[in-house]
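What follows is a single structure, written as structure tokens, with notes after it.
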Amino acid sequence: MPPNTPVLAADLARIHRSAFVNARPWSADEFQHLMMQPGVHVSAVPGCFAMGRLVLDELEILTVACAVEAQRRGLARQVMLSLCEASAVLGGRSVFLEVAADNVPALGLYKSLEFEQVGRRSGYYQRRDGTQCDALILRKSLT
């Protein structure tokens, strides 16, 4: 399926559950609720998706997930680029996201997409084992 193909909330929840082993995965109901909100867009390919919300000229990446079997194939890059390009067409001028400071693969992806760190939230993510991890706030221009 090409990026931006309509997807089901249950598919997003399944992918999210596979990808987020250290954190609480989002449920199908949570995805359904998000997808009904104004400005929320999903770019997806089999096994991977990026979800964001465009408000005025700013895109907030809500989540990016790649199922274990779909990782390391460039799919996250593909869906991120698609989501950012679609947002730019709709008037988006910048994009930001939060990522766990210890998520090395995601940090590599975001660096390759020219995101820059603009902030840090100490102890933001609560892990399933009770530990906490900082969130890095990243931003890039779409123009």
Side-chain angles (χ1 to χ4, degrees), residues 1-128 132-143:
M1 101 184 76
N4 299 321
T5 298
V7 293
L8 299 174
D11 293 332
L12 300 180
R14 179 188 52 77
I15 294 167
H16 203 265
R17 186 172 44 256
S18 174
F20 286 85
V21 295
N22 291 324
R24 183 189 70 79
W26 298 359
S27 70
D29 286 343
E30 288 171 307
F31 277 109
Q32 186 63 45
H33 177 74
L34 280 168
M35 291 190 306
M36 293 171 45
Q37 294 180 10
V40 172
H41 303 279
V42 177
S43 175
V45 296
C48 188
F49 71 92
M51 174 183 271
R53 178 181 10 239
L54 183 64
V55 177
L56 300 175
D57 64 351
E58 188 171 73
L59 172 64
E60 174 191 10
I61 301 296
L62 300 172
T63 190
V64 179
C66 232
V68 171
E69 68 275 8
Q71 293 176 0
R72 309 299 302 165
R73 297 186 2 214
L75 299 177
R77 180 179 189 78
Q78 182 181 347
V79 296
M80 281 291 294
L81 287 171
S82 176
L83 186 59
C84 288
E85 289 168 5
S87 296
V89 167
L90 295 171
R93 298 179 52 87
S94 65
V95 57
F96 75 96
L97 57 85
E98 293 171 346
V99 60
D102 62 357
N103 189 339
V104 175
L107 290 169
L109 169 66
Y110 301 140
K111 182 177 181 180
S112 77
L113 293 171
E114 301 178 343
F115 279 83
E116 296 180 358
Q117 184 177 336
V118 295
R120 181 180 204 105
R121 291 189 170 133
S122 296
Y124 185 76
Y125 291 110
Q126 182 75 31
R127 301 294 193 198
R128 286 183 180 182
Q132 294 180 325
C133 181
D134 292 355
L136 303 180
I137 303 166
L138 307 181
R139 182 188 181 283
K140 80 173 258 170
S141 175
L142 294 176
T143 56

Quick one: do Ser43 and Glu85 satisfy side chain to side chain contact (heavy atoms under 4.5 Å, CB included)? Show the steps, please.
CA-CA 10 Å; Ser43 175; Glu85 289 168 5; over 6 Å; no
Within 6.0 Å of [atom1] in [X], more than 12 heavy atoms from elsewhere:
| X | atom1 | result |
| --- | --- | --- |
| Arg128 | CZ | yes |
| Gln37 | CD | yes |
| Glu116 | CD | no |

What residues form a ring pair (Phe, Tyr, Trp, His ring centres under 6.0 Å) with Tyr125, not counting sequence neighbours?
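None.
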Set of residues satisfying ring pair (Phe, Tyr, Trp, His ring centres under 6.0 Å) with respect to Phe96, sequence neighbours excluded
none
Given 3.5 Å as the limit, does a donor-acceptor pair link the side chain of [X] with the main chain of [Y], or not?
| X | Y | answer |
| --- | --- | --- |
| Asp134 | Gly123 | yes |
| Ser82 | Gln78 | no |
| Gln71 | Cys66 | yes |

Can you confirm whether [X] sits close enough to [Y] that some side-chain heavy atom of one is under 4.5 Å from a side-chain heavy atom of the other?
| X | Y | result |
| --- | --- | --- |
| Arg53 | Leu34 | yes |
| Gln117 | Leu138 | yes |
| Leu136 | Phe115 | no |
| Asn103 | Pro105 | yes |
| Thr63 | Phe20 | yes |
| Tyr110 | Lys140 | no |
| Met80 | Leu97 | yes |

State the [atom1]-[atom2] distance between [X] and [Y], to the nearest 0.5 angstrom.
| X | Y | atom1 | atom2 | result |
| --- | --- | --- | --- | --- |
| Leu12 | Gln32 | CG | CD | 9.5 Å |
| Asp57 | Ser87 | CG | OG | 11.0 Å |
| Glu58 | Leu56 | CD | CG | 8.5 Å |

Return the minimal non-hydrogen interatomic distance between [X] and [Y], and the atom names on each side.
| X | Y | value |
| --- | --- | --- |
| Ala28 | Ala13 | N-CB, 3.5 Å |
| Ala70 | Gly47 | CB-O, 3.7 Å |
| Ala65 | Ile15 | O-CG2, 3.6 Å |
| Leu83 | Met51 | CD2-C, 3.9 Å |
| Arg17 | Pro25 | CA-CB, 3.6 Å |
| Ser112 | Leu109 | OG-O, 2.7 Å |

With side chain to side chain contact (heavy atoms under 4.5 Å, CB included) as the test, would you mind laying out the steps for Val55 and Glu60 before giving the verdict?
CA-CA 8 Å; Val55 177; Glu60 174 191 10; over 6 Å; no
For the pair Phe31 and Trp26, name the ring-plane relationship: parallel under 30°, tilted 30 to 60°, perpendicular over 60°.
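Ring orientation, 0 to 90° scale: tilted.
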